[in-house]
Amino acid sequence: MKNIILFGPPGAGKGTQGSRLSDKYGLKLLSTGDMLRSEVASESELGLKLKDILASGALVSDDIMIDLIISCISAPDCEEGFILDGFPRTLVQAQALDAMLAATNKEIDHVIVLDVDEKTLIERIATRAAETGGARSDDTKEIAAKRMQVYKDQSSPVIPHYDTKGISIHVNGMDDMDTVTANIEKAL
Ligand code: AMP
């Protein structure tokens, strides 16, 4: 087991499952959301551009994301395998990832899809906002609903892309976190 994509809508628990899998299997965790948030926090020129996009719940452009992920995956710390949390989020990104991996003789081994109930998820995001004191500018109920719509329109078409390749593993993301972890480990 080497290269894994964790896929699911916002609030599905990708971050939690990603760090657990990364610890257990020694795979490099690449969370695009975390990378973008630290870019924003650095107040770099790019960070300033990204700030409003993230706060609005829209997606960052494919070009920026593809460049970012290509440079991460090519780094030595990804050689033993990696987990992508938050990428790809569009079909264009998925196709660019395919091309990039093929060119370097790598491949995605598993795509873990967290299947969820949207309404419950929006509640979950609102709870996270309350718990974290709104540390994330996109953790409000209104923006959560927007992000869910963006997921449905732009990200969900990525699922059949990997289903067709026969590498996706569907897990019920509505179970409690430990059950989700156990089910992922069983399936891998
Ligand atoms: P996340 O923490 O994964 O929910 O990502 C937070 C925000 O970062 C998203 O709502 C997007 O604005 C942006 N983002 C993260 N990953 C991507 C991606 N692969 N493509 C476009 N935007 C992204």
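Index from 1, following the sequence. Read the numbers this way: they start at 1 and go in the same order the structure lists the ligands and their atoms.
- Every atom of ligand 1 with a heavy atom of Gly86 under 4.0 Å away is listed here by number and element: 16 (N), 17 (C), 18 (C), 19 (N).
- The closest protein non-hydrogen atom to atom 3 (O) of ligand 1 is Arg89 NH1, 3.0 Å.
- One N or O on the side chain of Asn3 and one on the backbone of Glu107 form a donor-acceptor pair closer than 3.5 Å.
- Neither the backbone nor the side chain of Lys14 has any atom closer than 4.0 Å to an atom of ligand 1 (non-hydrogen atoms only).
- Scanning the protein for heavy atoms near atom 4 (O) of ligand 1, the closest one is Arg147 NH2, 2.5 Å.
- For a threshold of 3.5 Å applied to N or O pairs, the pair formed by Val60 and ligand 1 contains at least one separation below that value.
- Residue-environment remark: CD (Glu142) stays at or below the threshold of 12 foreign heavy atoms within 6.0 Å.
- Under the 3.5 Å distance criterion, the side-chain polar atoms of Gln93 are matched with a main-chain donor or acceptor of Arg89.
- Between Arg20 and Asp178 there is a salt bridge, since a side-chain N of the basic residue sits under 4.0 Å from a carboxylate O of the acidic one.
- Smallest separation of non-hydrogen atoms from Ile169 and Ala187: CG2-CB, 3.5 Å.
- Listed by number with element, the atoms of ligand 1 under 4.0 Å from a non-hydrogen atom of Thr32 are 15 (C), 16 (N), 17 (C).
- Between Arg37 and ligand 1, at least one N/O pair is under 3.5 Å apart.
- Only the backbone of Ala58 comes within 4.0 Å of ligand 1, counting heavy atoms alone; no side-chain atom from C-beta on gets that close.
- Nearest heavy atoms, Thr32 versus Gly86: OG1-O, 3.1 Å.
- Ion pairing between a basic and an acidic side chain is recognised when a charged N comes within 4.0 Å of a carboxylate O; Asp109 and Lys2 show no such pairing.
- For atom 7 (C) of ligand 1, the nearest non-hydrogen atom of the protein is Leu54 CG, 4.0 Å.
- Few gaps surround NZ on Lys106; more than 12 heavy atoms of other groups in view lie less than 6.0 Å from it.
- Here is the list of ligand 1 atoms found below 4.0 Å of a heavy atom in Leu36: 8 (O), 13 (C), 14 (N), 15 (C), 23 (C).
- Nearest to atom 20 (N) of ligand 1 among the protein's heavy atoms is Gln93 NE2, 3.0 Å.
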